[in-house]
There are 2 protein chains.
Amino acid sequence: MYTIKDVASKAGLSQATVSRVINNHPYVSEEKKRAVQQAMAELGYVPNSSAQRLRNLKTKKIAVLVSRIVNPFFSQLVDAMEKRAAISGFQVILCNTRIDREKELEYFQLLKSKQVDGIIMASVENTWEVIEPFTKYGPIIYCNEYDPAARVTRVRLDQIEGGYIGTKHLLDKGHQKIAYCQGNDSSVSTNRRIGFLKAVTEAGITPEPAWMFKNIFTIEDGREIFRKLHALSCTPTAVFTGSDEVAAGIIKEAQQHSWRVPEDLAVIGFDDQPIAALLDPQITTINQFTTDIGITAMNVMLEIIHNPSVNKPQDILLPIRLIERQST
Amino acid sequence: MYTIKDVASKAGLSQATVSRVINNHPYVSEEKKRAVQQAMAELGYVPNSSAQRLRNLKTKKIAVLVSRIVNPFFSQLVDAMEKRAAISGFQVILCNTRIDREKELEYFQLLKSKQVDGIIMASVENTWEVIEPFTKYGPIIYCNEYDPAARVTRVRLDQIEGGYIGTKHLLDKGHQKIAYCQGNDSSVSTNRRIGFLKAVTEAGITPEPAWMFKNIFTIEDGREIFRKLHALSCTPTAVFTGSDEVAAGIIKEAQQHSWRVPEDLAVIGFDDQPIAALLDPQITTINQFTTDIGITAMNVMLEIIHNPSVNKPQDILLPIRLIERQST
DNA sequence: TTGTAAGCGTTATCAA
DNA sequence: TTGATAACGCTTACAA
């Protein structure tokens, strides 16, 4: 492995001059600059980034925490973030928490030990009390998560609105008996439920506890939900799922039990994943403009890193939209 | 930010002793060990990893290169790898090349500049001639890619067999006019084509050039393919797609043109992604045991990092299997 | 415009 | 069993 010293002696110059060339400093004569560049090329020299970081305390890396990378919403989000980051020469470290509090905490050490310049949390497992102490080691922002207690910048959708318009749509279609699925007790799920409850309450309906489900994430979870509903004496006529994957699972299982969708059971998804437009019936869903969220969040993070004084908690809301298809 | 110096003076000991405690060296008295640990805890000290790396030339990070993270095959693969890596205290850096040669090359700098301990290539854009020079900076292995010229360890599936059994299945169903889609000219695609050609040739069929398509990746690409086939005077009765996403696109577009699948057009996918079992008709596909590939590849990489002398090119083949559903 | 040299935080060698 | 100190490779005052 060649070092800056090797380049310097090969070019017959000092390390300082080589360093200046590497970092594009002014006040280097064209002639020496060329000599250095040639020496670097001949040796195939690449600066040791650990040494650079030790000096600069900058890593040009951003950690993105997601709970389930296999969820297309998250992989699309990470894709968008990575694209934006690359333009500014930053790399993304994918941190897959698997909905695990402890694992999330481990990832915070990345910030503490200066392995990343900032953290974007596209999922949040721990409470703000636990997370807050880490903010002094570097910027942390929330993306698509909302915790009223958290004093951080967040880029998000109005999930209350999302829960509301989705439920309102089912009510408008004449449904009175509506089941409700959600993931864990994240802010996203909690706010969607607030929206859901707001809509049904406005319609003068009392939500049925037996139709409210938690910790529902996957296609298989969706299938399970249908089997549970099917076993009840009194079944709902519609389901708000909070996820296209869950919706897909419910729909397939329902069809296998010879139920018609939406006639026997209306199902509404969330996210507008590719799958939503492919099923038969196509799934009515709520579009989150995933790419926009990712790019916006990364923009904010890069801005904060570039100019830490802008790191005042902001609340950036992006639009949300119902996409009516055939499953409702 | 606290350093080892702060811990040392707080504990009234030398930096060397603190370092020994951090690294679990022998010959530290229990008493001083406790003193150091207490000092570290009180300060909330975390070692600066850049400094550690500069000394050790170890990063505990592995770069995983994929061409499209939004492809569920890759996100599942990365998920499996990350899971295995985490068990050994390693982190995965997700490198999304977007099928871009230049971008892939940039990621190789990670190895050269000592930012990762190794690279797993789940996609390969450059030729072996271009990649080979980087192998002297650290271990590089191929995962699910096969280039006969490449002198690297590879964990892979027999893609020739995959192409063969998929095509054989269509032939067994009585199809004589079979179209063929593939991605770019990667080894995966190339080998599948070899298998495809082997099967049709054995059946005494001459492949029709107008039915052979390249650079087909997405659902939308699949839709486009159907429109192209539809416009031909002589249309095939079956399509080998090389991807469940592409298969899904073809099927949906065909249905929108009132073609029946599989009666008017049989379609076979690849990967056994969740989507394959959800469409109507469910997609016949070829299972790649994604999780197994990911874990195996990561196992191999960790072993090489742990003991570089084992880095002799091996060829590890994992099983492949046809999953017959309704689209053929 | 260039060079010298100190220092970033850690670990390993050597001496005590 | 502990401590002093020299690296690791790089950047940046400061001096020339």
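Lettering follows sequence order; numbering is per chain, from 1.
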Parallel, tilted or perpendicular: rings of Tyr142(A) and Trp128(A) (30°, 60°):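 Ring orientation, 0 to 90° scale: perpendicular.
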Anything under 3.5 Å between a protein N or O and an N or O of nucleotides 5-8 of chain D, put it in a table, one pair a line.
unit_1: dA7(D); atom_1: N3; unit_2: Arg55(B); atom_2: NH1; d: 2.7

Terminal axis angle for the helix from dT1(C)-dA16(D) to dA16(C)-dT1(D), five pairs an end, nearest 10 degrees: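 The angle, to the nearest 10 degrees, is 40°.
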Pairing residues for Ser9(B) by the side chain to side chain contact (heavy atoms under 4.5 Å, CB included) criterion, not counting sequence neighbours: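 Ser9(B) satisfies side chain to side chain contact (heavy atoms under 4.5 Å, CB included) with no residue once adjacent residues are dropped.
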Does a donor on one side chain and an acceptor on the other come within less than 3.5 Å for [X] and [Y]?
| X | Y | result |
| --- | --- | --- |
| Gln15(B) | Arg20(B) | no |
| Glu31(B) | Ser29(B) | no |
| Thr190(A) | Ser187(A) | no |

Contacts of Thr153(A) that satisfy side chain to side chain donor-acceptor pair (under 3.5 Å) - sequence neighbours left out: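 Thr153(A): no side chain to side chain donor-acceptor pair (under 3.5 Å) contacts found.
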Grab the [atom1]-[atom2] distance between [X] and [N] for me, whole Å please.
| X | N | atom1 | atom2 | result |
| --- | --- | --- | --- | --- |
| Tyr2(A) | dC10(D) | OH | P | 14 Å |
| Gln52(A) | dT12(D) | CD | P | 10 Å |
| Arg53(B) | dC10(D) | CZ | C1' | 15 Å |

Start and end of chain B contact along DNA chain C [non-hydrogen atoms, under 4.0 Å]: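 Contact span on the strand: dG9(C) to dT13(C).
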Touch class at under 4.0 angstrom, heavy-atom based, for Arg20(B) against every strand present: base
Sugar-phosphate, base or nothing in reach of Ser19(A), heavy atoms under 4.0 Å: base
NZ/NE/NH1/NH2 to OD/OE distance under 4.0 Å, Glu82(A) and Arg98(B): yes
Glu42(B) with Lys10(B): basic N within carboxylate O range, under 4.0 Å: yes
Any donor-acceptor N/O pair, Thr135(A) side chain to Glu132(A) backbone, under 3.5 Å: yes
From Ile140(B), Ile141(B), Leu77(B), residue fulfilling side-chain contact (heavy atoms from CB on, under 4.5 Å) relative to Ile120(B):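 Exactly one option meets the side-chain contact (heavy atoms from CB on, under 4.5 Å) with Ile120(B), and it is Ile141(B).
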For DNA chain C, the residues among residues 22-37 of chain A that have a non-hydrogen atom under 4.0 Å from it: Tyr27(A), Val28(A), Ser29(A), Lys32(A)
Aromatic centroids of Phe108(B) and Phe134(B) separated by under 6.0 Å: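 Between Phe134(B) and Phe108(B), the centre distance is under 6.0 Å.
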Worked check of salt bridge (charged side-chain N to carboxylate O under 4.0 Å, His left out) between Asp315(B) and Arg156(B): CA-CA 8 Å; Asp315(B) 201 5; Arg156(B) 65 177 180 111; 2.9 Å; yes
Closest non-hydrogen atom pair, Phe74(A) against Arg68(A): CD1-O, 3.3 Å
